[in-house]
Amino acid sequence: MRLDAELHGDNAKSIVDQLLAHRGKPLAVDATQVNYVDTPCIEVFISAAKLWRNEGTTLEFGELPEPFAAALAMLGLSQSDIEYKEPQS
């Protein structure tokens with residue numbers, strides 16, 4: 001799933017719909033183009049990580065661009081707060 005360059009709160013519902021279309025399956029999110037993300041969208045990713053964790057399915061982001069990582073850090077969060085990786089057997 002590829003994210004748009006700017007993720008404003010107005011986009012949160014669309015992001016939820018895109019994520020839920022992949023529910024129950026491992027999902028790799030491509031955030032390489034993101035140059036702006038606001039809190040409502042970050043909240044969507046936190047909720048998605050919890051849902052994927054509860055279902056035991058991987059949700060992962062590749063390397064986050066600096067603006068995305070900085071937005072997480074400003075909220076006291078890190079990439080691990082928005083993803084879940086299944087434990088290795």
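For the numbers below, each heavy atom of this structure counts, side chains included, while hydrogens, waters and symmetry mates do not. Note that the coordinates shown come from a computational prediction; the quantities given were computed from them, not determined experimentally.
For the atom pair OH (Tyr84) and NZ (Lys50), the distance works out to 14.5 Å, reported to the nearest 0.5 Å. In this structure, CG on Asp38 lies 10.0 Å from CD on Glu6, to the nearest 0.5 angstrom. Rounded to the nearest 0.5 Å, atoms CD (Gln18) and CZ (Arg2) are 12.0 Å apart. Glu60 contributes atom CD, which lies 9.0 Å from atom CD of Gln79 (distance to the nearest 0.5 angstrom). To the nearest 0.5 Å, atoms NZ (Lys85) and CG (Leu59) are separated by 10.0 Å. Rounding to the nearest 0.5 Å gives a distance of 11.5 Å between CD1 of Ile46 and SG of Cys41.
Residues Pro26 and Thr57 meet the side-chain proximity criterion, which asks for heavy atoms closer than 4.5 Å. Leu7 is listed as a side-chain neighbour of Val34, based on a closest heavy-atom distance under 4.5 Å. Side-chain atoms of Ile82 and Leu64, non-hydrogen and from C-beta on, do get closer than 4.5 Å to each other. Looking at Val37 and Ile42, their side chains come closer than 4.5 Å, going by heavy atoms from C-beta outward. Residues Phe45 and Ile15 have side chains in contact (heavy-atom distance under 4.5 Å, counting atoms from C-beta outward). Between Leu51 and Leu20, the closest side-chain pair of non-hydrogen atoms falls below 4.5 Å. A heavy-atom distance below 4.5 Å is found between the side chains of Val29 and Leu27. Between Phe68 and Leu3 there is a side-chain heavy-atom pair separated by less than 4.5 Å.
Between Ser47 and Glu43, the side chains place no donor N or O within less than 3.5 Å of an acceptor N or O (distance only, hydrogens not considered).
Scanning both residues, Glu83 and Ala49, for their nearest heavy atoms gives N-CB, 3.6 Å.
Around CG of Asp30, the count of heavy atoms belonging to other residues, nucleotides or ligands within 6.0 Å exceeds 12.
Connection of Tyr36 to Leu75 is not established within any shared hydrophobic cluster, with ILVMFWY side chains joined at heavy-atom distances below 4.5 Å, either directly or through further cluster members.
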